[in-house]
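First up is the structure itself, then whatever we jot down about it.
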Amino acid sequence: MTTNPLQPTNFIQAIINEDYKSNKYGGRVHTRFPPEPNGYLHIGHAKSICLNFGLAAENQGLCNLRFDDTNPAKEEVEYVDSIQADVRWLGFSWDDRLFYASDYFDQFYHYATQLIRAGKAYVCDLTAQQMREYRGTLTEPGKDSPYRNRSIEENLDLFERMKNGEFPDGSRVLRAKIDMASPNMTMRDPALYRILRAHHQRTGDKWCIYPMYDYAHPISDSIEGITHSICTLEFEDHRPLYDWVLEALQIYRPQQIEFARLNLTNTVMSKRKLRELVEQGFVSGWDDPRMPTISGLRRRGYTPEAIRDFCERIGVAKSNSTVDVGLLEHCIREDLNLRAPRAMAVLNPLKVIIDNYPADQVEELTAENNPEKPEMGTRIIPFSRELFIEKDDFCENPPKKFFRLAPGQEVRLKHAYIIKCESFVKDEQTGEILEVHCTYDEGSKTGGPTSARKIKGTLHWVSAPHAIQAEVRLYDYLLATDSQSNPEDAIETEEANDFKDAFNPKSLERLANCMLEPSLQNAACGSRYQFLRLGYFCADLIDSTAGSLVFNRVVGLRDSWAKAQKG
RNA sequence: UGGGGCGUCGCCAAGCGGUAAGGCAUCGGACUCUGACUCCGAUAUUCCUAGGUUCGAAUCCUAGCGCCCCAGCCA
């Protein structure tokens with residue numbers, strides 16, 4: 001109970017504030033997150049989770065987790081487990097309020113008989129095909145089912161026999177008696193119960209009739225004392241039915257509020273499409289780091305904090321929108337910049353030999369772990385005569401403003417010395433640069449007498465004899481469409497018969513021969529680092545082991561040089 | 001030609017009759033032993049269009065236009 005309404009941050013909070021004023025729910029705020037356990041949660045669900053749990057928390061209210069398990073044909077325990085893990089990982093708690101719509105099956109049944117007694121529901125024997133024909137079209141009214149005026153006694157008898165398994169699947173349904181001529185298709189005597197012999201993961205074979213969403217949802221909300229039942233826009237047309245059910249039953253009435261679901265550029269967000277990617281092998285699973293699923297983002301290296309921040313920044317409204325994935329990337333960079341320790345890793349190694357450095361000498365250099373946070377301490381990095389630098393950091397014929405290594409050019413090695421490129425060895429057949437020879441300025445070591453010299457470029461590097469070889473996986477967008485410059489095309493491609501035509505064949509690039517600084521040897525699975533000048537990387541939760549490290553690139557650092565080169 | 005929604009900067013999004021917040025992106029510049037971070041500055045005389053009401057409109061009225069959703073015994 002709050003006495004000072006919050007400054008509304010979105011239209012739903014504004015409604016809550018109004019409800020406080022009118023004392024609609026006695027000052028209570030009670031929401032729920034009601035996933036159907038038929039797939040993995042994705043970033044779109046995260047928006048809903050943050051909204052529901054967030055609104056409850058900010059208004060000193062409660063939020064339930066409720067599985068909408070009314071269709072056993074599609075639902076599996078694997079999904080209920082993953083959903084709970086994901087919600088928890090995102091940082092939300094439902095305490096002891098974990099519910100299942102199936103908890104209420106007896107109650108639903110009882111209420112249904114009540115509707116029949118009130119003359120508001122009837123058993124209909126029309127086939128699915130016939131029902132479709134009787135329903136009419138968007139512009140023409142439907143016509144009454146010939147079974148619409150059965151007696152209450154007959155309906156009661158038939159419904160009970162439906163429950164008792166006396167009729168085959170699909171042979172009859174229980175329907176609400178509303179209005180076959182309603183301009184709202186949802187109100188044309190919608191089905192409330194169907195006969196379906198499917199084993200339910202929680203109720204087993206107790207039932208052979210299962211309630212429909214439109215019937216089960218309002219009652220579940222009512223039973224749980226939900227105040228604000230938040231759902232997505234496509235249910236707007238269902239709101240009159242939601243209200244009708246509760247009104248007909250004369251039970252407590254929550255209010256349904258709809259908001260626009262999240263769409264993200266360069267990816268897909270429907271469970272159907274995500275499942276296709278998984279089942280047809282486009283990705284390795286629901287948790288493939290390219291997937292916009294919570295488990296995929298987690299494996300990629302995203303933090304719950306970044307995802308929550310993202311959900312706050314995108315806002316909540318009713319207009320269909322597609323958020324630029326760049327905002328998500330911004331959120332994880334901002335979070336990891338402050339938290340991730342730095343390390344040096346070379347993805348595409350090029351040998352550098354410091355000709356005037358003693359062959360058998362090894363120095364232990366000190367490097368800060370995070371310049372943003374001195375309290376994160378320092379670590380030791382070995383330096384020796386032979387190093388690896390990034391192939392991209394050397395150029396035989398450098399373009400203007402190339403502040404990296406090139407013949408005759410000087411560059412600073414991070415935490416170490418200033419070196420100068422004297423010569424290089426090139427494979428004349430392939431044109432590949434094989435090694436680069438340099439000399440170093442002995443006094444230029446970090447902290448040394450000539451270290452303050454102005455040098456434009458600083459490179460990351462790894463001591464060759466000390467380097468740890470590792471695999472690094474670079475990810476790009478799932479869909480290659482550039483919806484920014486050509487939104488129409490993107491939508492067409494994505495919605496085409498086969499959105500997979502837009503699948504980005506370069507969405508995964510594996511680099512097996514990367515060289516890491518030795519401090520990374522004990523990187524724990526899931527630990528995140530900023531590889532200097534490259535981006536943020538996360539030791540893979542599944543494939544990385546001490547003997548064979550595997551890092552995923554969470555997101556690259558912003559790169560104004562690359563951008564300038566392109567433009 | 002039915003019903004329900006939505007239309008404010010490239011992408012999100014505030015605004016609710018008093019003279020266009022903020023974020024992302026973009027473009028300049030400063031700083032820099034990460035071309036990162038940070039910092040400074042720029043960026044809608046205009047709110048889908050056209051009329052109208054008003055001293056005053058993105059906000060009210062009228063008429064259009066555009067986009068999304070609905071004809072599952074899915075959710």
Side-chain angles (χ1 to χ4, degrees), chain A residues 8-10 14 34-36 38 68 70-71 73-74 124 126-128 131-133 135-142 169-175 182-188 190-196 209-210 212-214 216-217 231-240 258 260 262 265 271 312-331 333-334 337-338 342 344 371-372 401-404 412-416 418 444 446-447 451-453 455-460 483-485 487 530-535 556-564:
Chain A
T9 46
N10 59 56
E36 182 190 13
N38 68 344
D68 222 329
T70 56
N71 185 1
K74 291 185 176 176
C124 181
L126 254 23
T127 62
M131 225 193 259
R132 204 174 305 131
E133 287 159 12
R135 186 151 34 228
T137 68
L138 294 177
T139 51
E140 300 162 291
D169 283 12
S171 59
R172 283 175 230 257
V173 292
L174 180 72
R175 293 228 254 169
S182 171
N184 181 347
M185 301 295 291
T186 308
M187 300 298 269
R188 319 246 259 230
L192 265 25
Y193 266 96
R194 75 283 217 181
I195 303 174
L196 176 66
I209 57 172
Y210 289 95
M212 304 292 291
Y213 167 87
D214 284 320
H217 209 86
C231 62
T232 45
L233 251 30
E234 66 271 26
F235 291 102
E236 215 145 16
D237 287 339
H238 297 234
R239 193 169 61 224
E258 311 83 14
L262 169 68
T265 59
K271 278 189 202 169
E312 266 175 44
R313 290 183 190 231
I314 57 178
V316 179
K318 296 192 70 160
S319 63
N320 289 111
S321 58
T322 301
V323 175
D324 191 330
V325 68
L327 179 59
L328 216 210
E329 296 175 341
H330 168 80
C331 291
R333 281 194 193 103
E334 190 173 77
N337 178 42
L338 261 27
R342 314 283 118 128
M344 293 202 285
E372 310 283 339
K401 292 192 174 175
F402 184 82
F403 306 138
R404 305 181 184 184
R412 185 190 302 278
L413 295 177
K414 181 74 178 175
H415 304 304
I418 293 169
S444 68
T446 298
S451 69
R453 286 169 52 204
I455 299 293
K456 280 301 250 179
T458 300
L459 307 187
H460 61 278
S483 51
Q484 282 306 87
S485 63
Q530 183 199 95
F531 287 173
L532 242 46
R533 300 207 309 134
L534 296 173
L557 252 27
R558 291 191 60 179
D559 190 346
S560 54
W561 168 248
K563 198 178 296 173

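By convention in this document, chain letters (A, B, ...) are assigned in the order of the sequence lines, proteins followed by strands, and residues within each chain are numbered from 1. Nothing here was measured: the structure is a model prediction, and the numbers come from that model.
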Given protein heavy atoms under 4.0 Å, the one-letter contact record of nucleotides 66-75 of chain B, with B base, S sugar-phosphate only and - none, is simply --SBBBSBBB
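Here A:P240 lies out of heavy-atom contact (under 4.0 Å) with every strand. Heavy atoms of A:Q530 sit under 4.0 angstrom from at least one base atom. Contact annotation for A:L532: base contact, defined as any heavy-atom pair under 4.0 Å involving a base atom. Heavy atoms of A:K318 sit under 4.0 angstrom from primed sugar atoms or phosphate atoms, though from no base atom. Within the 4.0 angstrom heavy-atom criterion, base atoms lie near A:R412. Using a 4.0 Å heavy-atom distance criterion, A:R342 is classed as a base contact. Nucleic acid contact for A:F531: none, since no nucleic acid atom lies under 4.0 Å from a heavy atom of the residue. Nucleic acid contact for A:G556: none, since no nucleic acid atom lies under 4.0 Å from a heavy atom of the residue. Looking at heavy-atom distances under 4.0 Å, A:K456 makes no contact with the nucleic acid at all.
The distance from atom CZ of A:R313 to atom C1' of B:G23 is 6 Å, rounded to the nearest whole Å.
The closest donor-acceptor contact from the side chain of A:R188 to the backbone of A:R135 lies under 3.5 Å. Between the side chain of A:T232 and the backbone N or O of A:E234 there is no donor-acceptor pair closer than 3.5 Å.
Checked against ring pair (Phe, Tyr, Trp, His ring centres under 6.0 Å), A:H415 has no partners two or more places apart in sequence or in another chain.
Searching all strands for a Watson-Crick or G-U wobble partner of B:G41 with both distances below 3.5 Å returns B:C27.
Annotation: the span from A:T458 atom OG1 to A:R404 atom CZ amounts to 11.0 Å, rounded to 0.5 Å. For the atom pair A:H238 NE2 and A:E258 CD, the distance stands at 10.0 Å (nearest 0.5 Å). Atom CD1 of A:I209 and atom CZ of A:R194 lie 10.5 Å apart (nearest 0.5 Å).
For A:K563 and B:U26, the shortest distance from a side-chain N or O to OP1 or OP2 is below 4.0 Å.
Counting distance only, with no hydrogens placed and no angle test, the side-chain atoms of A:E372 and the base atoms of B:U38 include no donor-acceptor pair under 3.5 Å. Looking at A:T446, its side chain comes within 3.5 Å of the base of B:C33 through a donor and an acceptor atom.
Residues A:S182 and A:N184 have side chains that never bring a donor and an acceptor to within less than 3.5 angstrom of each other.
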